[in-house]
Novice: 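Quick one: the structure is below, questions incoming.
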Protein chains: 2
Amino acid sequence: MTELAGQARNPARVRAFEGVLARIEERIAADGLTVGDRLPGERQLAEQLQVSRSSVREALRVLESLGVVSSQVGRGPDAGAVLTSRPGSALTGLLRLHLGLATLSLREVVDTRLMIEQWSAGHAARSRAGLETMERAIAAMDAARGPEEFVEHDIAFHAAIAEASGNRLTSAIMQALRGAVQRFAIDAVVRLGDTGGLQADHRRIRDAIRDGDAATAVEAIAVHLERAYPSTAGPAS
Amino acid sequence: MTELAGQARNPARVRAFEGVLARIEERIAADGLTVGDRLPGERQLAEQLQVSRSSVREALRVLESLGVVSSQVGRGPDAGAVLTSRPGSALTGLLRLHLGLATLSLREVVDTRLMIEQWSAGHAARSRAGLETMERAIAAMDAARGPEEFVEHDIAFHAAIAEASGNRLTSAIMQALRGAVQRFAIDAVVRLGDTGGLQADHRRIRDAIRDGDAATAVEAIAVHLERAYPSTAGPAS
DNA sequence: GACCAAATATGGTCAGACCATACATCCATC
DNA sequence: GATGGATGTATGGTCTGACCATATTTGGTC
């Protein structure tokens, strides 16, 4: 034994790092590892799984890109690969790349956003949640100087709607969508010139959620996104 | 010169592979690279970006996990890192891991699926698309032997609905969701024992889409998912 | 022209080394 | 005994160079 597990002898089909990935995934499921728990060090993991440290590292890079672990250098309780929970940030990178690759069009992303926001707003109207955050965001937008700052708080406003749905997955997708199209959002604000209409929309959405009026909230979302990204006009420019 | 670009001298904040990632992303956007185009070889990339091949590989692993590239060994036009487009498979891994980490609950995933399927079914009813695929899937489910085979074609049926919406992003998310909960879907079929009710739902959904009856389609989706994944109470979550 | 062998380019993997970082430990000093 | 700096050490980050497996390309042979 210790026959090198046949790495070079039998590359089979699974690359080494994929095996590592599977083993780590197994361990997460079996040992009931959860957010905050630490994985063994790279060197230790390499020895346990009988692969090189390079392969372990490639697996860790994948897990990191998926928002599952976060690596910290140094020593101590916080060092090493720690299980985290950031499906959102992982999605952002994924979407941004696929937007660049023209795998996805801006219109598809905006339409998806419309779907999620309407759904979330409907739920939010029923639970009347997240109103404080929305309020703060609206005030911040009033005080914003420049499109970038406006969009920054605009994102917070819409994120609050998504969070109010109570569904972490839709919320994560929502955040990812906003992050991926942030640049386009700034362009949209610049193009409009005036943020008055957008702010009026925001207040209308907030009022509808506060009053528990789901139908109005859903419709207000549609109006708002249509104002920012007119569907008749071509996407982008 | 060739002062190693200060790698070890100045690790700064960005790890080397992150720099590679950024450069590749840049190149995709700037050069207008698209699906099917090839990236330079690992060794060549390493030299161009003045980093080691290990760093290049870690970056490629990330891109691969994001469904942006696909690596083929050997030689020839198809070898090397080729730009691909698989946001769906990337999302699947992401969701499966976050389900395992208990970052997400099954309820949240199913609710998200409900949102997307209703939205897609509404669009499909308006475009009357994807009917042939749905038909084939229904027939295949009739002929299925065992829950696993049934679920396999069930996935094809629901994927057809998502595709019919014409939105590649929602379709990709949908596929990812189905893949992530496939095991639970099989459990659900086993638990139900009889697939007659599910098939009746499928036919009702298909009929509604064929007849352009969006409201009925949306409602049929809700009934269907409630049958497969009974929510102990209300919208839950 | 067809077929087989060698050359070659590509990703996959490994081993070992060194650096930077950040905590842990120890010891001298007060 | 408490404090504070020097030293130790574990961890991730990176590099180098080597070798293997695979698949195409090339070229020679029949």
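In what follows, chains carry the letters A, B, and so on, assigned in the order in which the sequence lines appear, proteins first and then strands, with residues in each chain numbered from 1. Keep in mind that what you see is a predicted model, and the values were worked out from it rather than measured. Side-chain atoms are counted along with the backbone in the values below, which use heavy atoms only and exclude waters and symmetry mates.
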Novice: Looking only at N and O atoms, is any donor in the side chain of A:Arg75 or the base of D:dT11 less than 3.5 Å from an acceptor on the other one?
Specialist: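 There is none.
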Novice: Rounding to an integer number of Å, can you tell me how far A:Glu42 CD sits from C:dT21 C1'?
Specialist: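 It is 14 Å, rounded to the nearest whole Å.
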Novice: How close or far is atom P of D:dG12 from atom CD of A:Glu58, stated in whole angstroms?
Specialist: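 It works out to 16 Å between those atoms.
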Novice: Between B:Arg107 and B:Asp111, does any side-chain N to carboxylate O distance fall below 4.0 Å?
Specialist: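 Salt bridge: yes.
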Novice: Of B:Gly74 and A:Gly74, whose closest DNA chain C nucleotide lies nearer the 5' terminus?
Specialist: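 Closer to the 5' end of DNA chain C: B:Gly74.
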Novice: Counting heavy atoms from C-beta on, name the nucleotide in C:dC23, D:dG12, C:dG12 closest to the side chain of A:Ser71.
Specialist: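 That would be D:dG12.
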Novice: For B:Leu63 and C:dG11, give me the distance from atom CG to atom P, rounded to whole Å.
Specialist: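 These atoms are roughly 13 Å apart.
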Novice: Expressed in angstrom and rounded to an integer, what is the separation of A:Leu49 atom CG from C:dC14 atom C1'?
Specialist: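 Answer to the nearest Å: 15 Å.
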Novice: Calculate the interatomic distance between B:Gln72 atom CD and C:dG12 atom C1'; express it in whole Å.
Specialist: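 In whole Å, C:dG12 C1' lies 13 Å from B:Gln72 CD.
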Novice: Does B:Glu18 pair with B:Arg15 as a salt bridge, N-O distance under 4.0 Å?
Specialist: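 Salt bridge present between B:Glu18 and B:Arg15.
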Novice: Classify the side chain of A:Arg15 and the base of C:dG11 as holding, or not holding, a donor-acceptor pair under 3.5 Å.
Specialist: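 Checked by distance alone, the answer is no.
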Novice: Would you kindly give the CD-to-P distance between A:Glu64 and D:dG12, to the nearest whole Å?
Specialist: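 Whole-Å distance recorded here is 11 Å.
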Novice: Let's see if you can work this out: which of D:dT14, C:dA15, C:dG11 has an atom nearest to the side-chain heavy atoms of B:Ala16?
Specialist: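 Ranking D:dT14, C:dA15, C:dG11 by closest atom to the B:Ala16 side chain puts D:dT14 first.
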Novice: Test for a donor-acceptor pair under 3.5 Å between the base of D:dG12 and the side chain of A:Arg43, counting only N and O atoms.
Specialist: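 Under the 3.5 Å cut-off, the side chain and the base do form a donor-acceptor pair.
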Novice: Between B:Asp78 and B:Arg38 (salt bridge meaning N to carboxylate O under 4.0 Å), is one present in this structure?
Specialist: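 No, B:Asp78 and B:Arg38 are not salt-bridged.
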Novice: If the cut-off is 4.0 Å, is A:Ser54 near the phosphate of C:dA15, judged by side-chain N/O to OP1 or OP2?
Specialist: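 Checking C:dA15 against A:Ser54, no side-chain N or O comes under 4.0 Å of OP1 or OP2.
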Novice: B:Asp78 CG to C:dA9 P: how many Å, rounded?
Specialist: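 Distance, rounded to whole Å: 18 Å.
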Novice: Taking side-chain contact (heavy atoms from CB on, under 4.5 Å) as the criterion, tell me which of B:His224, B:Glu163, B:Met134 meets it with B:His158.
Specialist: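 Single side-chain contact (heavy atoms from CB on, under 4.5 Å) partner of B:His158 among B:His224, B:Glu163, B:Met134: B:His224.
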Novice: Quick one: the side chain of B:Arg53 and the base of D:dG17, do they pair up donor-acceptor inside 3.5 Å?
Specialist: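 Between D:dG17 and B:Arg53, which were checked side chain against base, a qualifying N/O pair under 3.5 Å is absent.
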Novice: Rounding to a whole Å, what distance do you find between B:Leu60:CG and C:dT10:P?
Specialist: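 Rounding to the nearest Å, CG of B:Leu60 and P of C:dT10 are 13 Å apart.
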Novice: Could I get the full list of ring-ring contact (aromatic ring centres under 6.0 Å, His included) partners for B:His153, not counting sequence neighbours?
Specialist: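 In terms of ring-ring contact (aromatic ring centres under 6.0 Å, His included), with neighbours along the sequence ignored, B:His153 is linked to no residue.
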Novice: Please state whether the phosphate of D:dG13, meaning OP1 or OP2, lies under 4.0 angstrom from any side-chain nitrogen or oxygen of A:Arg57.
Specialist: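 Checking D:dG13 against A:Arg57, a side-chain N or O does come within under 4.0 Å of OP1 or OP2.
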Novice: Out of D:dG13, C:dG11, D:dT24, which nucleotide sits closest to the side chain of B:Val73?
Specialist: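 Nearest to the side chain of B:Val73 among the choices is C:dG11.
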